[in-house]
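A short write-up of the structure that comes next.
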Amino acid sequence: MVHPYVPRDLQLPGYVPVSLSQSTIAGVYVLSSLLVVSLIWLLSGRSRNLSKLDRLLMCWWAFTGLTHVILEGYFVFSPEFYKEKTGFYLAEVWKEYSKGDSRYAGRDSAIVAVEGITSVLEGPPCLLAVYAIAKGKGYSYILQFAISLGQLYGTFVYFITAILEGDNFSASPFYYYAYYILANSFWILIPSLIAIRCWRKISFAVQSQRQKKKVR
């Protein structure tokens with residue numbers, strides 16, 4: 001079976017075409033994400049100590065954490081997902097997404113490394129951040145800052161390696177901008193805003209502690 005990916009000479013022996021429609025794949029992802037976000041938002045609303053911003057951050061960390069662990073984790077540990085014949089949802093996601101970046105189907109070493117680090121070393125801490133914010137833990141800001149830096153690093157490596165390799169991995173301009181650019185832009189914008197906020201919070205706390213020591 002001839003695959004739809006670019007470059008056309010990419011070798012994918014045993015390739016099985018996507019069996020689910022684009023709308024089904026996107027719809028399931030959006031609805032499941034909304035379910036997670038809604039659940040976290042409702043549960044966090046029971047606490048009077050959490051601001052709306054804290055609750056939004058909990059929703060983000062739950063969403064991105066589960067995305068890292070489940071979606072990206074499947075990719076890392078399923079090297080032959082493109083051969084999947086049963087229509088398993090996670091395999092279908094990566095078959096479809098590979099139209100925007102064929103390095104996933106081709107198991108590019110840089111992609112596997114970045115996604116492996118993201119799913120294993122960033123996914124669980126994202127879920128820990130949900131707990132840290134909910135309980136007002138002292139390590140909440142430094143944890144969020146560290147994860148955000150990791151996400152920014154991984155996303156920049158993702159884009160830079162594509163540029164260095166010619167940036168020609170999308171089946172069409174639509175897939176390039178919708179999958180490759182738009183879908184990944186959230187992991188630049190949101191982590192940047194969180195990192196800036198955490199930097200300010202940590203800096204203020206350190207400065208306040210120094211001033212207290214001077215007073216004593």
Side-chain angles (χ1 to χ4, degrees), residues 1 3-7 10-33 35-36 60-127 147-148 150-165 167-172 175-188 190-191:
M1 179 65 66
H3 64 70
Y5 310 127
V6 173
L10 178 65
Q11 298 299 310
L12 296 175
Y15 168 75
V16 176
V18 183
S19 60
L20 296 179
S21 67
Q22 183 186 61
S23 59
T24 299
I25 293 173
V28 170
Y29 183 69
V30 171
L31 289 176
S32 59
S33 298
L35 178 61
V36 170
W60 163 253
W61 290 123
F63 159 74
T64 191
L66 291 175
T67 296
H68 292 331
V69 172
I70 299 174
L71 197 60
E72 294 169 83
Y74 173 81
F75 164 76
V76 172
F77 298 104
S78 302
E80 296 186 336
F81 67 85
Y82 60 84
K83 296 181 180 181
E84 180 61 51
K85 300 179 181 179
T86 63
F88 181 57
Y89 177 73
L90 295 179
E92 296 294 289
V93 169
W94 291 115
K95 288 181 188 179
E96 179 66 23
Y97 182 79
S98 292
K99 295 176 183 178
D101 189 346
S102 64
R103 293 180 296 169
Y104 281 83
R107 301 296 290 180
D108 181 88
S109 57
I111 294 298
V112 175
V114 168
E115 293 291 10
I117 292 172
T118 300
S119 62
V120 175
L121 298 183
E122 293 179 18
C126 288
L127 302 179
I147 301 170
S148 296
Q151 290 179 327
L152 287 171
Y153 175 80
T155 307
F156 280 122
V157 169
Y158 175 68
F159 283 122
I160 292 171
T161 52
I163 293 172
L164 293 176
E165 294 175 8
D167 199 15
N168 184 32
F169 304 102
S170 298
S172 72
Y175 293 116
Y176 181 82
Y177 289 105
Y179 292 2
Y180 178 69
I181 298 295
L182 181 61
N184 290 287
S185 63
F186 295 103
W187 275 270
I188 291 180
I190 298 177

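Values below: every heavy atom of this structure, side chains too, minus hydrogens, waters and symmetry copies. Everything quoted here is computed from the prediction, not taken from an experiment.
No more than 12 heavy-atom neighbours from other residues, nucleotides or ligands sit within 6.0 angstrom of OH on Y153.
Between V157 and V114, the shortest heavy-atom distance links the atoms CG1-CG2, 3.7 Å. Looking at every heavy atom in both residues, N184 comes nearest to Y180 through ND2-O, 2.8 Å.
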Check: residues 71-82 side-chain donor-acceptor pairs under 3.5 Å, at least two apart:
from	atom 1	to	atom 2	distance (Å)
E72	OE2	H68	ND1	2.5
S78	OG	Y74	O	2.9
E80	OE2	K83	NZ	3.2

Can you give me every donor-acceptor pair (side chain of residues 24-32, partner residue at least two apart or in another chain, under 3.5 Å) with its distance?
from	atom 1	to	atom 2	distance (Å)
T24	OG1	S21	OG	2.7
Y29	OH	T67	OG1	3.3
S32	OG	V28	O	2.8
S32	OG	Y29	O	3.0

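Remark: F169 pairs with no residue by the ring-ring contact (aromatic ring centres under 6.0 Å, His included) rule, at least two apart or across chains. Taking the side-chain hydrogen bond (donor to acceptor under 3.5 Å, both in side chains) definition, one finds that W60 meets it with nothing, sequence neighbours left out. Shown here are the ring-ring contact (aromatic ring centres under 6.0 Å, His included) partners of F186, two or more places apart in sequence or in another chain: there are none.
Judged by distance alone, with hydrogens and angles left aside, the side-chain atoms of E84 form no donor-acceptor pair with the main-chain N or O of A91 at under 3.5 Å. Using a distance-only test at 3.5 Å, with no hydrogens or angles considered, a donor-acceptor pair links the side chain of E92 to the main chain of S19. Side-chain atoms of H3 come within 3.5 Å of backbone N or O of L10 as a donor-acceptor pair. Side-chain atoms of Y5 come within 3.5 Å of backbone atoms of K95 as a donor-acceptor pair (strictly under, hydrogens ignored).
Partner of Y176 under the side chain to side chain contact (heavy atoms under 4.5 Å, CB included) criterion, chosen from L182, D167, V6, N168: D167. Of the candidates L66, V69, T64, T64 is the only one forming a side chain to side chain contact (heavy atoms under 4.5 Å, CB included) with C126.
Here the straight-line distance linking atom OH of Y175 with atom OG of S170 works out to 10.5 Å at 0.5 Å rounding. Within the model, atoms OG of S185 and CZ of F159 stand 7.0 Å from one another, a figure rounded to the nearest 0.5 Å.
Applying the side-chain hydrogen bond (donor to acceptor under 3.5 Å, both in side chains) test to residues at least two apart or on different chains, the pairs with a partner in residues 100-111 are D101-R103, D101-Y158, R103-T161, Y104-E115.
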